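Please read these numbers as outputs of a predicted model, since none were measured by experiment. Just the heavy atoms: all of them, side chains too, but no hydrogens, waters or symmetry mates, feed the values below.
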Amino acid sequence: MIKRLAHVCIHASDLNKTVDFYHGKIGLPIAFRFHREGVLMGVYFEIGHQTYLEAFEKPDLKVVNTGISHFCLEVDDIDRFIREMKSHGVECTEKRLGCDQSWQTWLQDPDGNRFEIHQYTPDSAQLNGGIVNVDW
């Protein structure tokens, strides 16, 4: 039935800044763009394995929590990711081993949308299942 999460959609107050952040700094390839009457209004960023982050411009955006608190992207090398983000002037939290035994760092986009970066370990609950005792 359900195969995977296809995409997460966010709004952007300035689509050019969002493209610069997710494509230029984070490094997500652009799969395609949405135009209305020849004007750019949205972008589909490829995350991998046919999963995407979709962004549409909403100039009067006021970020509010609609029940989804964040999204998370997986990387192979979280230390390299953090170094690269710092070289682009993007602030990340210090790397931390979460209670799920996955490395994590947090950052936010130009509109204040917080998101997480994970690097799985051999002990990660995402790979092994089980019970995770939260520490937050």
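Residues Leu28 and Leu40 are members of one and the same hydrophobic cluster, defined by side-chain heavy-atom contacts under 4.5 angstrom among Ile, Leu, Val, Met, Phe, Trp and Tyr. Under a hydrophobic-cluster definition in which Ile, Leu, Val, Met, Phe, Trp and Tyr are linked whenever side-chain heavy atoms come within less than 4.5 Å, directly or via other members, Phe21 and Val75 are assigned to the same cluster. Under a hydrophobic clustering in which Ile, Leu, Val, Met, Phe, Trp and Tyr are joined whenever their side-chain heavy atoms come within less than 4.5 Å, directly or via other members, Leu73 and Tyr44 fall into different clusters. If you chain together hydrophobic residues whose side chains sit under 4.5 Å apart, Val19 and Phe115 fall into the same group.
Between the CD atom in Gln50 and the CZ atom in Arg4 there is a gap of 5.0 Å [rounded to 0.5 Å]. Rounded to the nearest 0.5 angstrom, Cys92 SG and Glu116 CD are separated by 12.0 Å. Rounding to the nearest 0.5 Å gives a distance of 11.0 Å between CG of Asp100 and CG of Asn128.
Listed here is the closest heavy atom pair of Tyr120 and Glu74: CD1-OE2, 3.3 Å. Nearest heavy atoms, Val132 versus Ala125: CG2-CB, 3.5 Å. Taking each heavy atom of Gln119 and Ile78 in turn, the nearest pair found is OE1-N, 2.7 Å. Taking each heavy atom of Ile117 and Leu107 in turn, the nearest pair found is CG1-CD2, 3.6 Å. For the pair Ile82 and Thr93, the tightest heavy-atom approach, listed with the atom from each and the gap, is CD1-O, 4.3 Å. Closest non-hydrogen pair, Gln104 versus Gly98, comes out as NE2-CA, 3.6 Å.
The side-chain hydrogen bond (donor to acceptor under 3.5 Å, both in side chains) check on Arg80 picks up nothing, with sequence neighbours excluded. In terms of the side-chain hydrogen bond (donor to acceptor under 3.5 Å, both in side chains) criterion, residue partners of Ser102 (sequence neighbours excluded) are, by chain and number, Ser124, Gln126.
Distance alone, capped at 3.5 Å, places no donor-acceptor pair between the Gln101 side chain and the Asp123 backbone. Between the side chain of Asn113 and the backbone N or O of Ala12 there is no donor-acceptor pair closer than 3.5 Å.
When the shell of 6.0 Å around NE2 of His35 is examined, it contains more than 12 heavy atoms from other residues, nucleotides or ligands. Heavy-atom contacts from other residues, nucleotides or ligands closer than 6.0 Å to NZ of Lys86 number 12 or fewer.
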Run the side-chain donor-acceptor check on residues 52-62: report pairs under 3.5 Å with partners two or more places apart or on a different chain.
residue	atom	partner	partner atom	Å
Glu54	OE1	His7	NE2	3.0
Glu57	OE2	Leu15	N	2.6

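Among residues at least two apart or in separate chains, ring-ring contact (aromatic ring centres under 6.0 Å, His included) pairs with a member in residues 77-107 are His70-Trp106. Residue pairs meeting the side chain to side chain donor-acceptor pair (under 3.5 Å) criterion with at least one member in residues 8-31, sequence neighbours excluded, are Ser13-Asp111, Tyr22-Asp109. Contacts classified as salt bridge (charged side-chain N to carboxylate O under 4.0 Å, His left out) and involving residues 27-52 (residues at least two apart or in different chains) are not found.
For the pair Ile30 and Phe45, the minimum side-chain heavy-atom distance is below 4.5 Å. Using a 4.5 Å heavy-atom threshold, the side chains of Ile26 and Met85 count as touching.
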